[in-house]
Each structure stands twice: as structure tokens, then as C-alpha cells.
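Just so it is clear, the model here is predicted, and its values are computed rather than measured. A note on names: the letters A, B, ... follow the listed sequences, proteins ahead of strands, and every chain is numbered from 1.
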Amino acid sequence: MVSDAALAIDPLTVDEVSDRMALSVSAFEEALVGGDRATCVAMVEALLAQGCAPIDLYEDYFRPALYRIGALWESNRLSVAHEHRATAMVEELMNEVFPRLMSLDRTGKTVVIAPVEGALHQVGPRMVCDVFEMYGWDAVQMGPDTTVDMLVGTLRTCRPALVGLSLTLDVHLSGLRRAIIAIRSAFPLLPILVGGRALGRVRPPALEGFPGVHCFRDLNELQRYIEGLRVLRRA
Amino acid sequence: MSPSGRIPDCARDLLPSLDGLRAWAVGVLRLDGELVYANPGLRALLGGESPERGRVEYLVNPDFAKLVASAANAGDSELVFEGLLTTGDGRYESHTAGARIWRCERYLLISAEHDVEELDRLNWELLETNRRASGLQRELLKKNLLLEGALEKLKLTQAMLVHAEKMNALGQLVAGVAHEIHNPLSLAVSNLHSLKQSLTAVTQSYAELETPVDGPSDGRERAKEIRKKNDLDFVFENLSGLMEGVDQGLDRIAAMVQHLRSFSRPVQAERATIDLGAAIEEVVDLAAGSLREGQVRVAMSIADPLLVECCAPALNQVFTNLVLNATQAMEYGGTLSIKAQSVDDDWIEIRFGDTGPGIPEENLGRIFDPFFTTKPVGAGGTGLGLSLAYKIVTEDHGGELSVRSVLGEGTEFRIRLPRVLSPDRQDQSRSPVK
């Protein structure tokens with residue numbers, strides 16, 4: 001296990017980040033694991049100042065850094081406390097970025113994003129919410145304690161145009177099937193989006209036979225999907 | 001704190017292996033209150049990392065006195081306490097651990113462990129609270145941004161409403177004035193026409209009277225005298241020029257009255273869906289002469305097609321006005337750039353930019369005001385062109401007309417129009433003249 005003291009590094013200013021490094025994921029990951037909020041903020045500010053798009057920030061820095069930290073936890077080299085702190089820091093950073101990505105031009109459409117029952121991860125679903133907010137959608141994110149019944153109840157209340165399910169670990173595939181069956185039964189035409197780390201590069205066999213279920217490997221694919229919806233609406 | 005020689009035999013062998021532990025708190029207390037040994041876990045429960053800071057006063061429930069009283073009734077190696085042990089300074093610091101305390105000769109042997117399940121529950125609660133707090137922060141940020149956006153729109157709308165109200169009041173005034181001027185003007189124009197004919201007749205008659213074939217010579221002399229005295233050669237020569245001047249003046253007054261009447265009444269044309277790009281190109285074609293004369297190059301970038309429901313003649317008037325204004329602004333030639341494109345599904349945007357000298361800041365806020373003109377007197381500027389354009393775009397079409405100018409670089413007018421007229425605009429466009 002790596003101690004905080006061993007991982008601590010001196011905070012960098014935005015200028016120092018710009019001058020000293022072409023920011024690497026590993027440098028960002030190091031600051032995250034060390035709990036060095038100031039350096040993380042400086043790095044993010046520097047990247048945004050250099051013209052990095054918020055979604056690229058999520059895809060190219062936040063996601064790989066958190067995956068790597070998750071792998072370190074899996075191999076017992078980082079404590080769960082380190083992992084939780086890194087997650088909380090990324091959420092804070094996302095809140096910093098959020099005002100710069102949210103569109104003021106609202107579509108009036110709602111999407112509900114929920115983790116599959118039993119899944120605890122929340123950063124991925126939040127990233128998905130942000131992509132929708134970027135295109136003027138209202139994204140409702142449900143917590144990790146959401147049951148299928150709660151999800152269906154929320155869908156009845158919110159009447160969203162889309163629902164998104166997040167799948168982080170393979171063990172939750174059966175939960176994903178249950179959620180899809182429940183949603184399909186209550187809302188036969190509601191498009192269901194599925195994304196998350198466990199999805200891999202192919203549509204899982206567990207999802208075969210469900211029409212109107214769209215799988216996304218990353219935020220860029222999701223972005224293209226939403227842009228496609230805009231084009232369709234215009235046409 | 002290292003185990004010392006005072007530590008009872010029953011604990012001495014065990015203690016060194018506990019030195020590095022924090023989750024399991026182990027220690028030895030003498031019954032007179034001296035802390036003989038505490039591993040890091042117990043030192044944390046008793047208020048300090050250093051041996052001298054670990055104090056029995058930190059035992060809150062049960063406190064040290066209760067433990068000593070229980071120990072007095074207990075035999076050697078007998079359990080004195082089992083349950084949740086609370087420690088702390090009674091003010092800010094408080095810990096709870098599941099503990100067992102034995103009497104061991106003249107000592108109390110303490111063993112306590114932190115409640116792992118409780119820690120897990122706390123961790124989960126903390127994560128959940130953090131998620132909710134983060135979500136709330138996100139929601140607040142979003143609402144704040146939307147409110148700021150709404151405030152900006154409100155300010156803009158308020159400014160437009162104030163302007164519209166001003167225009168409305170002015171429109172009524174103008175309508176009355178135009179009406180009052182129109183009738184005597186028509187009379188004056190009509191009379192001028194008769195006057196011209198009469199003057200021609202009088203001039204010709206006088207010339208004939210001056211040169212009779214027969215008649216007294218003193219009559220002819222007298223006529224010459226009168227011609228000379230009153231400088232009739234000059235008078236007759238200038239009469240037509242004077243009449244022409246009056247004629248032109250009345251024409252200008254008539255044109256202004258026409259402008260005033262346009263200003264004071266809503267757009268009358270039927271609404272129709274047209275391709276604005278084609279309309280703009282047509283306006284530019286019509287203005288080709290002026291553009292050529294002013295050595296103005298036109299750079300057009302128009303998305304195709306830009307279908308908009310509108311009152312086409314009124315918008316053509318707006319475009320013509322902006323094109324001619326830009327041409328006049330570029331006294332020594334320049335480039336007029338026209339860009340028209342879709343903003344989104346509901347709005348389109350057209351920009352007219354010139355490379356003229358720009359508009360001074362003190363004039364920028366007034367250019368849409370009626371009768372405001374920077375053109376010299378007599379140069380044909382009524383000061384109504386831009387205010388009429390503003391009215392047509394904002395009031396009649398529910399759009400926006402704004403201007404941005406940099407001195408020495410140029411000026412750009414930006415028009416935003418909804419693709420579809422709202423029902424109230426449609427009604428307005430059909431309403432009778434006020």
C-alpha cells in the first residue's frame with residue numbers, strides 16, 4: 001500500500017503546469033492518488049486554457065486515471081480510501097468544469113441515468129449526464145442505491161426521452177437484463193442507452209434480443225449519438 | 001510506549017507484538033491511575049500519540065473510577081467490563097470502541113477494537129452524502145447558470161420592450177403629425193403645380209405686353225423702365241429654378257411623410273415562407289449601381305436554403321437600408337461582408353459588416369432612435385431608416401437587431417430572426433393600420 005506521504009507532491013500552479021509538462025495521465029493520476037487537489041485543479045485549468053474540450057478531459061485524463069487507480073486497488077496496492085478520495089476529487093473537478101460545458105440553450109428534453117442495481121460507481125454516469133447537459137438536455141442522475149422499481153418509478157415521474165444504464169462490472173450483467181426487461185415492460189418504446197467499463201468493445205450477448213437498446217463504449221460515441229438526434233430533429 | 005518491567009507477567013510477552021497496531025487498542029493501567037502501557041491504538045483513544053498525553057481522564061464511559069470500583073470486587077484475571085467504551089475529552093474529541101477490561105493483579109488490562117461495521121456504515125453514508133452534495137452543487141451551478149442566462153434575456157427583453165414602448169408612443173405621435181402634414185402638403189403640391197402653370201402664363205403674357213406691335217413709344221419706354229427697375233430679366237430667368245427648388249423640397253417632405261407613415265403602422269404584407277438568401281442576393285443586385293459607384297466589394301456567405309416565414313417586402317426594406325448604409329459608411333470604398341446562416345432549428349442569423357470608419361461609442365446607443373442621423377443636413381438622411389429596420393425586425397418579426405462597431409475597423413449589424421412567426425406576430429401583421 002502506498003502512503004499519502006510517499007505520494008505527496010508539491011502543488012503546481014497553472015503556469016507551471018503549462019510550462020513544465022505536456023500533462024500526462026500518469027502525472028494527473030499521481031496527483032489524484034496523493035490527494036493533491038491544488039495540482040489537479042491547476043492541471044485541469046491548464047488543459048482547458050490550452051483548448052482541451054471538457055469531454056476530452058473526461059475521456060483522456062479523468063477516465064484513464066480512475067481506471068488505473070481502480071487497477072491499483074484491485075492489486076492491493078492502494079486502499080479503498082485512496083480510491084474513494086480520488087473519485088471525490090474527480091467529482092469536484094467535474095463540478096469545476098461543469099459551468100463551462102453546460103449549454104444555456106436548453107432542449108427541454110430529459111434523460112435519466114442510473115447505475116445497474118448493485119453497481120456503486122457514480123463518476124461514469126455523471127460524465128454521461130454532463131455530455132447530455134452539454135447539448136442542453138436535463139440529465140437526472142440516480143444514486144447507487146437505485147433499485148429497478150425505483151428506476152421505473154422515476155421514469156414514470158420524469159417521462160424522459162431516453163434512459164441510460166451504467167454497467168461497470170461484469171457481475172452486474174444479470175442486473176442489467178432485469179433493468180432492461182422492467183423498463184421495456186413499462187415503456188415499450190423508450191430508447192435505452194447502455195454504457196460503462198464492463199461493456200467492452202462489443203455488445204454483450206446478454207443484450208441480444210432487446211430492440212431499442214444502444215451500447216456506447218465511450219463518451220465520444222455518445223456525443224455522436226446525441227448529435228445524430230439533433231440532426232434528426234432538424235430534419 | 002514500550003512495555004516496562006512494571007507490566008504484569010500475563011501481558012508482558014504479548015505486548016511487543018501489539019506495538020504497531022492502531023485498529024486494536026491494547027494497554028495496561030495501574031489501579032492508582034498510572035498508564036503503564038498503551039499501544040498506538042489505545043493512545044489514540046486516550047487523546048494523544050505520545051505516552052505522556054495518554055490520560056485516564058479520557059475514559060468517559062465507564063470512567064476510571066467506575067472501573068476501579070468494579071475491579072475492587074473482581075478477582076485476579078477476572079473480566080471487569082465488556083461493552084462499548086467511550087473515550088474523549090468531553091468536548092470535541094470522542095471515540096467509541098468495543099472493549100473488554102480485565103483485572104490483572106494491581107492492573108487493568110484493556111483490549112478494545114474499533115467497530116469495523118460502524119466504520120463501513122459511516123464510509124457508505126459519507127460516500128452517499130458526498131454524492132448528494134456533489135449532485136446538489138451541480139444542480140445549483142446549473143440553476144445559477146440558467147438564471148444568469150434568463151436574467152440576460154430579461155434585460156434584453158426589457159430593453160426591447162422599453163424601446164418598443166418608446167417606438168409605439170412615437171409611432172402614434174408620428175401618425176398624427178404625418179396626417180396633419182399630409183393634407184396641407186397635398187394641397188401645396190397641387191397648388192404648386194397650378195402655380196407653375198400660372199407663372200408660365202403670366203411670364204409669357206408680360207413678355208407679350210412688353211412688345212406690342214403698335215402703341216405709344218412712351219409705353220415701351222415705361223415697360224423697359226419697369227423691367228430694369230425690378231430686374232425682371234433676372235427674376236424671369238430664376239423663376240423656373242425657384243419653382244424647381246420648391247418642387248424638390250416638397251418632394252422631400254412628401255418622402256419623409258411617407259417614411260413617417262410606414263414607421264407608424266404595422267407591416268401589412270402577407271406573411272410567406274421565403275428563402276432569405278435569395279432575398280438578400282436580390283437586394284445586393286438592386287444596389288449594384290451604388291455599390292459599384294462607391295467602390296464597395298461584396299463578400300457573401302449564405303447558407304442554403306434559409307427558409308423563414310416573414311413579411312418579405314418589409315425585410316427587403318431592412319436589407320436595402322443596411323446595404324446602402326454600409327455603402328455610404330465606406331466613403332473611400334471597402335468590403336461589405338454578408339453572412340447568413342442557421343443558428344439552430346428555430347433561428348437564423350444574418351450579419352452585415354462594413355470596413356468603414358466605425359461608429360463612435362456615444363452614437364452607438366442612439367442609432368436605432370428615430371430621427372437620429374449623422375449625415376449632414378440636406379444629404380438625404382431622415383434618421384428613420386435604422387429605427388424602421390429595428391421596428392420591422394423586433395416588433396413585426398419577433399427578432400433581434402444589434403450592432404457592434406470598432407473605430408477604425410468597421411461596423412457589423414446582426415439580425416436574428418425566428419424561422420416561424422409566432423401567432424401574435426401573424427395577427428399583428430394582419431391587423432389594420434392604427
Side-chain angles (χ1 to χ4, degrees), chain A residues 79-110 113-115 119-130 132-146 227 229-235, chain B residues 20-23 40 49 114 116-157 273 303-308 341-349 400 416 418-420:
Chain A
S79 73
V80 74
H82 279 104
E83 198 203 10
H84 286 167
R85 184 174 64 186
T87 304
M89 283 169 65
V90 168
E91 284 185 90
E92 277 178 44
L93 292 170
M94 287 171 68
N95 283 354
E96 291 280 331
V97 176
F98 181 73
R100 284 172 256 194
L101 65 79
M102 194 195 104
S103 168
L104 287 179
D105 197 3
R106 309 305 289 173
T107 62
K109 288 182 182 297
T110 301
I113 305 293
L120 301 179
H121 295 83
Q122 59 196 34
V123 175
R126 178 145 293 170
M127 287 179 174
V128 170
C129 286
D130 282 3
F132 277 101
E133 293 282 355
M134 200 169 82
Y135 286 95
W137 286 59
D138 285 316
V140 176
Q141 187 187 358
M142 303 197 67
D145 51 354
T146 305
E227 279 171 2
L229 291 180
R230 292 173 81 199
V231 173
L232 276 177
R233 188 173 155 234
R234 208 172 284 157
Chain B
L21 299 183
R22 287 185 64 91
E49 290 295 318
H114 292 283
V116 177
E117 279 184 20
E118 187 186 12
L119 285 177
D120 280 347
R121 274 197 302 276
L122 283 174
N123 184 37
W124 173 254
E125 285 301 321
L126 194 61
L127 281 176
E128 185 58 16
T129 305
N130 183 52
R131 188 189 69 79
R132 286 181 204 278
S134 183
L136 283 173
Q137 186 189 0
R138 175 74 48 111
E139 200 58 31
L140 275 175
L141 285 168
K142 183 173 159 184
K143 293 218 159 98
N144 192 36
L145 283 171
L146 290 174
L147 276 175
E148 280 174 5
L151 184 64
E152 278 307 307
K153 275 189 184 164
L154 269 178
K155 280 182 183 167
L156 189 66
T157 308
T273 298
D304 189 35
L306 282 175
L307 298 178
V308 173
Q341 61 189 18
S342 284
V343 177
D344 55 29
D345 294 349
D346 304 319
W347 290 83
I348 62 110
E349 183 180 276
E400 295 167 18
R416 277 167 68 97
R419 287 179 187 274
V420 180

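- With sequence neighbours left out, the side-chain contact (heavy atoms from CB on, under 4.5 Å) criterion links Glu92(A) to Arg37(A).
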Walk me through whether Ser134(B) and Arg126(A) qualify under side-chain contact (heavy atoms from CB on, under 4.5 Å). CA-CA 10 Å; Ser134(B) 183; Arg126(A) 178 145 293 170; 2.6 Å; yes
Given side-chain contact (heavy atoms from CB on, under 4.5 Å), test Leu104(A) with Glu148(B) step by step and report yes or no. CA-CA 9 Å; Leu104(A) 287 179; Glu148(B) 280 174 5; over 6 Å; no
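- To the nearest 0.5 Å, atoms CD (Gln137(B)) and CD (Glu96(A)) are separated by 7.5 Å.
- Using a 4.5 Å cut-off between heavy atoms, Glu128(B) touches chain A through its side chain atoms alone.
- Once rounded to the nearest 0.5 Å, the distance linking CG of Asp105(A) with CG of Asp345(B) reads 9.5 Å.
- You'll find the side chain of Asp130(A) reaches within 4.5 Å of the side chain of Arg138(B), heavy atoms only.
- Proximity to chain A (any heavy atom under 4.5 Å) is restricted, for Trp124(B), to the side chain, taken from C-beta onward.
- A search for side-chain contact (heavy atoms from CB on, under 4.5 Å) contacts involving Arg106(A) returns Met102(A), Glu133(A), Asp138(A), Lys142(B), Leu146(B), not counting sequence neighbours.
- Residues His84(A) and Asn123(B) have side chains in contact (heavy-atom distance under 4.5 Å, counting atoms from C-beta outward).
- Across Leu145(B) and Pro99(A), no two heavy atoms sit closer than the pair CD1-CA, 3.5 Å.
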